[in-house]
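Everything numeric in this text was worked out from a predicted model, so none of it was measured.
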Amino acid sequence: TYYHNNYIKIIKGVRRVGKTTLINEVIEELKESVDSDHIIKIDYDMFDNNIYTNTTHLVNYFKNCIKDNNMYYIFIDEVQNINEYDKIVAFICLSFNVSMFITGSNLDIDNAKYIEKYNDYITITMYPYLYNELDMTRDEYLLWGGIPSILNLKENYMKTSSIIDLYNSIVVKDIVDRYSVKDVALFNKMIYYILSNIDVPFSVNNMAKYFETYDRKVSLDTMYNYLDYIIDEYFSHVEEVEKLLKGKISDVIDSLKEKM
């Protein structure tokens, strides 16, 4: 299987979609036939930030762990937290006999030049559950979405809190920090506008006119840039929602608020 080759396995997807669960399941399968000292997993919480994000320290850590020529299975969760992660991943794969698995919530492989040079990699993109994959009503799906960890929660108030936390972590950690967004308030308003008008024709010009009614002039270049960031971070996979909507999104939202 692909478990045992030298390809870099790149697992992408929005936060909490199940990337960590997937690699943990792979690790459990490997333990049935692979010595535990040949399985190396790195979590973001495993090291303090200085060690984890420092290129030299992390390379030395791998060198100390890899002691023979047999295949080692390396798992790096949320690899984008490492400075120059593509350089480290490519170096380890070129230097040792490894099967490398990496996960990330906002990996831009097109700009990962060292992984591109390594060439031998496969990308697996994970998505939330689709409506037809779940035993729930349309209204329930529009309210709670398809993130597995959220759906597993029993109480509605816990789901609501988890959704808010997820939104904030995506906006702050995956977008604002990564792209150095200066106007966070504007960015949040753009997302609200997009989600509130998901069932009508959309244009940046219309959105600009909307902001002008609130005495807020925004350059089109800024809006296009912010839209690119949103698309990159999986906010605009809305085809499934559009199929479910019969009327205006505002009508659906109003009906769902009564159930919250």
- Message: Apply side chain to side chain contact (heavy atoms under 4.5 Å, CB included) to residues Met190 and Tyr192 and explain how you reach the verdict.
- Response: CA-CA 5 Å; Met190 282 185 61; Tyr192 177 81; over 6 Å; no
> Do the numbers put Lys41 on top of the ring of Phe75, so that NZ or CZ is under 6.0 Å from the six-membered ring centre and no more than 45° off the axis?
Replying inline: no
inquiry  = Side chains of Asn206 and Ser203: any donor to acceptor distance under 3.5 Å?
reply    = yes
Rounded to the nearest 0.5 Å, the CG atom of Asp77 sits from the OG1 atom of Thr20 at a distance of 3.5 Å
Take Ile102 and Ile11 through the side chain to side chain contact (heavy atoms under 4.5 Å, CB included) test and state the conclusion after the steps. CA-CA 6 Å; Ile102 62 176; Ile11 305 169; over 6 Å; no
Review point. Heavy atoms, side chains only, cut-off 4.5 Å: are Met100 and Tyr121 in contact?
Key: no
Heavy atoms of Gly145 and Leu151 approach each other most closely as O-CD2, 3.5 Å
So, does Ser196 use its side chain to make a donor-acceptor pair with the main chain of Tyr193 at under 3.5 Å? no
Between the OG atom in Ser36 and the CD1 atom in Ile27, the distance rounded to the nearest 0.5 Å is 11.5 Å
Item checked: Side chain to side chain, Lys63 and Val59, heavy atoms closer than 4.5 Å -> yes
Heavy-atom nearest pair, Tyr141 first then Tyr129, reads OH-O, 2.8 Å
Report task. Could you tell me whether the side chains of Asn6 and Asp120 share a donor-acceptor contact shorter than 3.5 Å? Result -> no
Has Thr123 got a side-chain atom pairing as donor or acceptor with Ile10's backbone, closer than 3.5 angstrom? no
Students should find that the hydrophobic cluster of Met158, defined by side-chain heavy atoms under 4.5 Å apart, otherwise consists of Leu153, Tyr157
Taking the side chain as everything from C-beta on, heavy atoms only, tell me whether Val14 gets closer than 4.5 Å to Ile147. yes
List the steps, then state whether side chain to side chain contact (heavy atoms under 4.5 Å, CB included) holds for Ile122 with Ile8. CA-CA 6 Å; Ile122 58 174; Ile8 301 171; over 6 Å; no
Fill in: Intermediate values then yes/no, side chain to side chain contact (heavy atoms under 4.5 Å, CB included), Asn97 and Asp68
CA-CA 9 Å; Asn97 180 21; Asp68 56 51; over 6 Å; no
Residues at least two apart in sequence or cross-chain that pass ring-ring contact (aromatic ring centres under 6.0 Å, His included) with Tyr72, listed by chain then number, are His38
Between Ser169 and Arg16, a side-chain donor and acceptor under 3.5 Å
no
- prompt: Any side-chain heavy atom of Trp144 within less than 4.5 Å of one from Ile163?
  reply: yes
- Message: Taking the ring centre of each residue, are Phe187 and Tyr226 less than 6.0 Å apart?
- Response: yes
So the salt bridge (Lys or Arg N to Asp or Glu O under 4.0 Å) pairs with at least one residue in residues 25-34 (sequence neighbours excluded) are Glu28-Lys31
### Query
Under the 3.5 angstrom rule, does the side chain of Asp35 hit a backbone N or O of Asp37 as a donor-acceptor pair?
no
Asp183 meets the side-chain hydrogen bond (donor to acceptor under 3.5 Å, both in side chains) criterion, sequence neighbours left out, with Arg216
The reported gap from NZ in Lys182 to OG1 in Thr222 (rounded to nearest 0.5 angstrom) is 9.5 Å
Any side-chain heavy-atom pair of Tyr61 and Ile40 under 4.5 Å: yes
Quiz item: Angle class for the Phe101/Tyr2 ring planes (parallel below 30°, perpendicular above 60°, tilted otherwise)?
Solution: tilted
#### Entry: Heavy atoms of other groups near Asn69 CG, more than 12 under 6.0 Å
no
Close side-chain approach of Met126 to Lys12, heavy-atom, < 4.5 Å: no
- prompt: Any side-chain heavy atom of Tyr3 within less than 4.5 Å of one from Val34?
  reply: no
For this session: Say whether Tyr224 and Phe211 are linked into one hydrophobic cluster, either directly or through other cluster members, by side-chain heavy-atom distances under 4.5 angstrom.
Result: yes
Separation between CG (Asn60) and CG (Asn64), nearest 0.5 Å, reads 6.5 Å
Tyr214 meets the ring-ring contact (aromatic ring centres under 6.0 Å, His included) criterion, sequence neighbours left out, with Tyr210
Inset, instruction - State whether the side chain of Thr103 and the backbone N or O of Glu78 hold a donor-acceptor pair below 3.5 Å, judged by distance alone. - result: yes
Rounded to the nearest 0.5 angstrom, the CG-OG distance for Asn225 and Ser219 is 8.0 Å
Interatomic distance, CG@Asp165 vs OG@Ser161, rounded to 0.5 Å, equals 4.5 Å
Residues at least two apart in sequence or cross-chain that pass ring-ring contact (aromatic ring centres under 6.0 Å, His included) with Phe62, listed by chain then number, are none
Any side-chain heavy-atom pair from Ile39 and Ile74 closer than 4.5 angstrom? no
Main chain of Ala208, side chain of Lys217: is a donor-acceptor contact present, judged purely on distance under 3.5 Å?
no
